[in-house]
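Notes follow once the structure below has been shown.
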Amino acid sequence: MPLSRLKVLPEEYLFRVHEASLKILWETGVVFESDEAAQVFKAHGAKVDGHLVRIPAAIVEESLAMCPKQFRWWGVDESHSVTLGGNQDRTAISPNMGPVYIQDLDRGRRRGTLEDFANLIKLCEDSDVVNVVGAILVEPGDVAVRDRHLMMTYMLLKHTVKPLIGIIRTQEEEHQVFDMLEIAIGRKDYLLDHPVIGVSVNPLSPLRFGTEPIDAMLAYARRRQPVFILPCILAGTTGPVSLLGTAVLQNTEMLAGAVFLQMINPGTPVVLSPASSVTNMRKATYITGSPEGHLINIAGLQMVLDFYSLPSRTMAGLTDSKTVDCQAGYETMQNIMLSMLSGVHLVNEALGVLDSIMTTSYEKFVIDEELLSRVLRMMKGIEVSEEALAVDVIQQVSHGGNYLVHPSTFSRFRDFWRPGVSHWDSHDDWVHEGAEDVVIRANRQFKTRLASAPESVIPLEVDTEIKRYLKSVLHDTSID
């Protein structure tokens with residue numbers, strides 16, 4: 001029996017949040033910094049003044065009705081596809097979006113490279129908990145900015161067959177990514193009827209969408225690929241100081257993005273993705289470890305799940321700690337549990353994140369896999385059945401007996417959850433094995449997994465064809 005969902009808003013407030021969002025969309029409007037976007041809105045009946053768009057309630061309702069309640073997210077290998085939305089049977093897991101630095105015990109904190117980016121993909125591909133791979137696991141700082149989308153896409157195609165997440169680029173550059181995907185899959189126009197790669201777009205809160213996010217939305221929606229509308233509002237700076245007020249602003253921006261996507265191409269999968277937090281008012285900076293930030297997002301998820309019945313995503317494994325210490329552990333577990341027990345369909349920022357999403361740690365990646373696995377097990381709850389009551393077993397063992405050698409124990413003991421990196425044996429055993437901290441064990445584990453990872457998961461002839469395409473479009477990076 002699954003655990004009950006976490007909720008923070010009374011049911012009657014869901015309608016009030018929706019009505020407040022409709023009021024803001026029509027009376028205040030949202031700025032879309034794009035002439036092309038303005039034309040799209042104007043052609044569909046919104047009130048447009050320059051880049052300021054006011055959206056009537058009727059258009060919002062019509063657009064929401066066009067959004068898929070659930071969609072199949074195809075892997076490059078179709079056997080790794082996942083279904084997102086509705087009553088999916090397990091929270092889907094994806095890695096990080098945006099860290100600049102990489103960190104491990106051997107080399108410390110440093111700028112990420114393409115090799116680090118590829119290593120993290122390999123760990124995701126090998127992971128039992130990760131379902132979707134991509135975005136910016138770490139920024140490859142050794143690749144020219146204008147070539148990064150190409151080399152990052154190549155690394156994705158080379159090292160994973162799971163569903164993918166891309167990055168925000170210009171429309172022309174997004175089309176290059178789509179070209180590479182169709183080469184790898186082997187079918188022209190495959191993306192038009194197969195969601196394969198998603199992208200996250202962030203409003204420039206409050207109530208504004210910038211040029212690059214709009215370009216990505218136009219490109220992805222025209223191929224009917226999933227788009228995550230991801231407001232990252234800070235209560236007290238870019239949003240109201242009240243948690244509910246920031247939840248209203250967040251909901252308004254998510255609706256604006258959803259409407260735009262359906263205007264571009266009705267039926268485009270949209271994933272509403274609350275991702276806000278509160279401000280560190282001592283420094284006016286972004287923080288991720290506060291429980292209040294996740295309260296905002298749980299309110300947002302209630303709107304997505306209970307009021308709109310649409311696919312949802314939020315951030316999970318976040319911490320403001322700068323190293324893999326006790327703070328990293330309790331903030332990460334707090335955030336994972338608050339996010340996943342809210343019923344969200346997909347989580348990101350879930351694997352190795354440190355320092356308010358500035359750094360990815362190899363060791364924390366492995367530790368976070370275990371934390372996610374723990375919560376996934378909790379969410380299953382306990383079996384409820386006549387057999388599980390175990391009355392006959394209790395009576396057979398009777399007074400003062402022992403269940404260890406009972407046949408029911410032999411048949412089921414392997415069902416118990418086991419840790420991936422934690423040490424559960426005695427203190428003497430721990431000392432005998434080297435008295436290692438969990439971070440040391442995680443360090444050894446990630447290196448062992450990388451050493452055994454395949455060099456490539458795509459056939460040689462496909463790799464050759466992708467490289468041929470890359471040579472025609474790369475600017476500053478050579479490829480062998």
Is it the case that over 12 heavy atoms from other parts of the model lie below 6.0 angstrom from the NZ atom of Lys47?
no
Between Arg148 and Glu139, does at least one N-O distance fall below 4.0 Å, as a salt bridge requires?
yes
Residues, nucleotides or ligands: over 12 heavy atoms within 6.0 Å of Glu172 CD
no
Here the gap from Ile136 atom CD1 to His149 atom NE2, rounded to the nearest 0.5 Å, amounts to 12.5 Å
Can the ring centres of His51 and Phe32 be said to be less than 6.0 Å apart?
no
Is it true that Arg110 and Asp116 make a salt bridge, defined as a side-chain N closer than 4.0 Å to a carboxylate O?
yes
Please check if any side-chain donor atom of His18 sits under 3.5 Å from a side-chain acceptor atom of Glu61, or the reverse.
yes
Is any side-chain N of the basic residue among Arg187 and Glu182 closer than 4.0 Å to the acidic one's carboxylate O?
no
Less than 6.0 Å separating the ring centroids of Phe41 and Phe260?
yes
Is the shortest side-chain heavy-atom distance between Ile287 and Glu331 below 4.5 Å?
no
Carboxylate-amine/guanidinium proximity below 4.0 Å for Asp355 and Arg109
yes
Salt bridge or not for Asp126 and Lys122, using N-O below 4.0 Å?
no
Going by an N to O cut-off under 4.0 Å, is there a salt bridge joining Arg146 and Asp476?
yes
Between Arg111 and Asp142, is there a side-chain N and carboxylate O pair less than 4.0 Å apart?
no
If I take atom CD1 from residue Ile458 and atom CG from residue Asp463, how far apart are they, to the nearest 0.5 angstrom?
4.0 Å
Does the pair Asn335 and Met315 meet the rule for a side-chain contact (heavy atoms from CB on, under 4.5 Å), with working shown?
CA-CA 8 Å; Asn335 294 337; Met315 302 189 295; over 6 Å; no
Once you round to the nearest 0.5 Å, how far does CZ of Arg468 lie from CD1 of Ile183?
9.0 Å
When Thr268, Asp193, Asn265 are each screened for side chain to side chain donor-acceptor pair (under 3.5 Å) with Arg224, the one that passes is Asn265
Nearest-0.5 Å distance, CG of residue Asn297 to OG of residue Ser312
11.0 Å
Crowding at OH, Tyr286 (>12 non-hydrogen neighbours, <6.0 Å)
yes
How long is the gap from CG on Asn96 to CG on Leu354, to the nearest 0.5 Å?
9.5 Å
Crowding at CZ, Arg16 (>12 non-hydrogen neighbours, <6.0 Å):
no
Can you tell me if Asp128 has over 12 outside heavy atoms packed within less than 6.0 Å of its CG?
no
Could you state the interatomic distance from OG (Ser309) to CD (Gln70), rounded to the nearest 0.5 Å?
11.5 Å
Is it the case that atom CD in Glu78 sees more than 12 heavy atoms from other parts of the structure closer than 6.0 Å?
yes
Quiz question: by atom type and distance under 3.5 Å, do the side chains of Ser205 and Glu253 form a donor-acceptor pair?
yes
Salt bridge Arg222-Glu36, side-chain N to carboxylate O under 4.0 Å:
yes
Hey, what's the ring geometry for His175 with Phe178, parallel, tilted or perpendicular (30° and 60° as the breaks)?
perpendicular
